[in-house]
Engineer: 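Pasting a structure here, questions to come.
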Amino acid sequence: MSITVRAPAKINLHLGVGAPREDGFHPLVTVYQAVGICDDVTASRSAGWTLGVTLPDWIDPDAVPVTGDNIVDRAAELLAAHHGVDQHAAVSIAKSIPVAGGMAGGSADAAAALVALDRLWELGTSDEELLRLAAELGSDVPFALLGGTALGTGRGELVEPVPDAATWWWVAVPSTQGLSTPAVYQRFDELAADAPEEPDDAQAVLLALATGDPQILAGALHNDLESAALDLRPDLGDLLELGERHGALRGLVSGSGPTCVFLAVDADHAREVAGALSESHDVVLVANGPVAGAHVVTYV
Ligand code: C5P
């Protein structure tokens with residue numbers, strides 16, 4: 001038996017960050033949107049545990065955590081231990097989401113692995129339990145299970161769907177060099193020593209989503225980590241400017257970066273902006289959102 005589960009990348013349409021909590025995590029109010037750049041995780045029966053990764057040529061193989069250190073190893077261990085079963089499977093990850101890019105690629109892999117292994121091992125884990133296990137694996141993993149558009153609170157792990165009837169078009173430009181999420185949060189702390197305990201609310205983005213108007217959403221996009229990411233990687237500021245000069249409604253660092261995303265009016269406009277950015281950047285992706293969270297695509 002072999003099961004393939006697909007899980008999406010995310011963009012934070014709003015990322016409000018507060019002062020660090022006692023456990024070191026930062027309180028967040030965020031609006032996640034799942035976009036159609038996806039990793040596939042395939043799990044097959046096997047006598048032992050193996051994990052392989054296939055990559056497009058633009059992702060540096062050295063940037064991907066190897067077997068034993070990959071979040072998918074931890075997802076499998078956690079699920080197997082939770083049910084008291086042996087961690088036996090041959091798993092392969094087919095990556096398309098930028099690595100260490102601020103689009104939650106590792107979280108997508110973890111979410112896809114939880115769903116694939118739950119089916120392979122016939123565990124029947126409830127959605128509630130899967131979300132709880134996902135939260136143990138990382139702040140963004142529950143959202144990768146849920147997909148769509150959702151409000152995230154706590155450290156990002158508490159997710160609830162929000163209405164989002166439109167289709168939004170994005171251009172994403174990954175960076176050859178990843179950024180470490182903890183390093184970006186640390187720079188945020190240095191730059192925003194007076195950050196409030198309560199992060200900024202997401203009202204403007206939630207209202208903009210309800211209008212279905214990309215011009216209005218463009219004006220509401222907000223990322224409190226952007227100045228920290230730009231401080232660590234000033235070249236991203238030039239990229240944001242370039243995308244906007246090429247007609248994007250708005251450029252934004254995705255989460256902790258360094259991937260930059262650009263909101264377009266519609267599909268044709270996204271392709272136009274992507275074409276212009278391709279003249280100076282090797283990898284330019286076009287995606288729409290919202291799309292589904294981790295879901296089975298093949299079961300043989
Ligand atoms: O939860 P996750 O493993 O994705 O977090 C990675 C790192 O990002 C944490 O160790 C922490 O340094 C930082 N982080 C944070 N506050 C959050 C989420 C992540 O400080 N809400």
Side-chain angles (χ1 to χ4, degrees), residues 7-34 39 41 63-65 68-79 93 95 97-114 130-147 150-160 178-202 205 222-229 231-233 253-259 293-294:
K10 61 82 181 163
I11 292 173
N12 301 85
L13 308 181
H14 173 91
L15 182 52
V17 182
R21 314 187 304 200
E22 274 183 8
D23 63 4
F25 282 92
H26 294 70
L28 303 184
V29 173
T30 187
V31 177
Y32 295 108
Q33 185 170 88
D39 285 358
V41 171
V64 181
D69 273 342
N70 196 290
I71 192 169
V72 167
D73 296 289
R74 288 200 286 122
E77 270 163 34
L78 188 68
L79 186 68
I93 311 170
K95 288 208 70 72
I97 305 175
V99 174
M103 298 192 86
S107 302
D109 299 346
L114 284 177
L130 276 181
L131 284 168
R132 199 179 55 70
L133 295 172
E136 277 188 48
L137 291 166
S139 307
D140 297 332
V141 184
F143 175 69
L145 284 176
L146 190 67
L151 184 67
T153 53
R155 60 180 167 86
E157 88 284 20
L158 306 173
V159 284
E160 56 181 291
L179 259 180
S180 137
T181 303
V184 175
Y185 274 104
Q186 194 183 331
R187 188 53 62 94
F188 170 85
D189 291 339
E190 290 157 9
L191 294 175
D194 57 349
E197 263 175 49
E198 290 283 315
D200 283 350
D201 74 33
V205 159
H222 177 85
N223 181 0
D224 274 341
L225 290 182
E226 186 165 274
S227 42
D231 193 63
L232 292 167
R233 286 282 306 274
V253 171
S254 178
S256 56
T259 305

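Just so you know, these numbers use all the heavy atoms, side chains as well, and skip hydrogens, waters and symmetry mates. Both ligands and their constituent atoms are indexed starting at 1 by order of listing. Only a predicted model underlies this, so the values are computations on that prediction, with no experimental measurement involved.
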Engineer: I want to check something: taking the side chain as every heavy atom from C-beta on, are M103 and I11 in contact at a cut-off of under 4.5 Å?
Structural biologist: yes
Engineer: Do any N or O atoms from the side chain of D39 and from the backbone of D109 form a donor-acceptor pair under 3.5 angstrom?
Structural biologist: no
Engineer: What protein heavy atom is closest to atom 13 (C) of ligand 1, reported as residue, atom name and distance in Å?
Structural biologist: Y185 CD1, 3.4 Å
Engineer: Ligand 1 versus F25, non-hydrogen atoms closer than 4.0 Å: side chain, backbone, both, neither?
Structural biologist: both
Engineer: Using modelled atom types only, decide if a donor and an acceptor are shared between the side chain of R155 and the backbone of A135 within a distance under 3.5 Å.
Structural biologist: yes
Engineer: List every atom of ligand 1 that sits less than 4.0 Å from any heavy atom of R155, numbering the atoms from 1 in the order shown and giving each element.
Structural biologist: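 Answer, ordered by atom number: 1 (O), 17 (C), 18 (C), 21 (N).
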Engineer: Who's the nearest protein heavy-atom neighbour of atom 6 (C) of ligand 1, and how far?
Structural biologist: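 The answer is T181 CG2, 4.5 Å.
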Engineer: Test D200 against H14 for side chain to side chain donor-acceptor pair (under 3.5 Å), laying out the working first.
Structural biologist: CA-CA 9 Å; D200 283 350; H14 173 91; 6.0 Å; no
Engineer: Please lay out, stage by stage, how L232 and V184 fare under the test side-chain contact (heavy atoms from CB on, under 4.5 Å).
Structural biologist: CA-CA 8 Å; L232 292 167; V184 175; 3.9 Å; yes
Engineer: With heavy atoms of P182 as the reference, note each atom of ligand 1 found under 4.0 Å away.
Structural biologist: 7 (C), 12 (O)
Engineer: Measure the distance from atom 3 (O) of ligand 1 to every protein heavy atom, then report the residue, atom name and distance (to 0.1 Å) of the closest one.
Structural biologist: G138 CA, 4.0 Å
Engineer: Can you sort out which atoms of ligand 1 are near L28, meaning under 4.0 Å from one of its heavy atoms?
Structural biologist: 21 (N)
Engineer: Enumerate the atoms of ligand 1 whose separation from the nearest heavy atom of S139 is less than 4.0 angstrom.
Structural biologist: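 Answer, ordered by atom number: 1 (O), 2 (P), 4 (O), 18 (C).
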Engineer: Atoms of ligand 1 less than 4.0 Å from G24 heavy atoms?
Structural biologist: 20 (O)
Engineer: Can you tell me which residue and heavy atom of the protein come closest to atom 15 (C) of ligand 1, and the distance to 0.1 Å?
Structural biologist: H26 ND1, 3.5 Å
Engineer: Thinking salt bridges, do E190 and R187 make one under a 4.0 Å N-O criterion?
Structural biologist: yes
Engineer: Of the non-hydrogen atoms in F143 and Q33, which two are nearest, and what is the gap between them?
Structural biologist: CZ-C, 3.8 Å
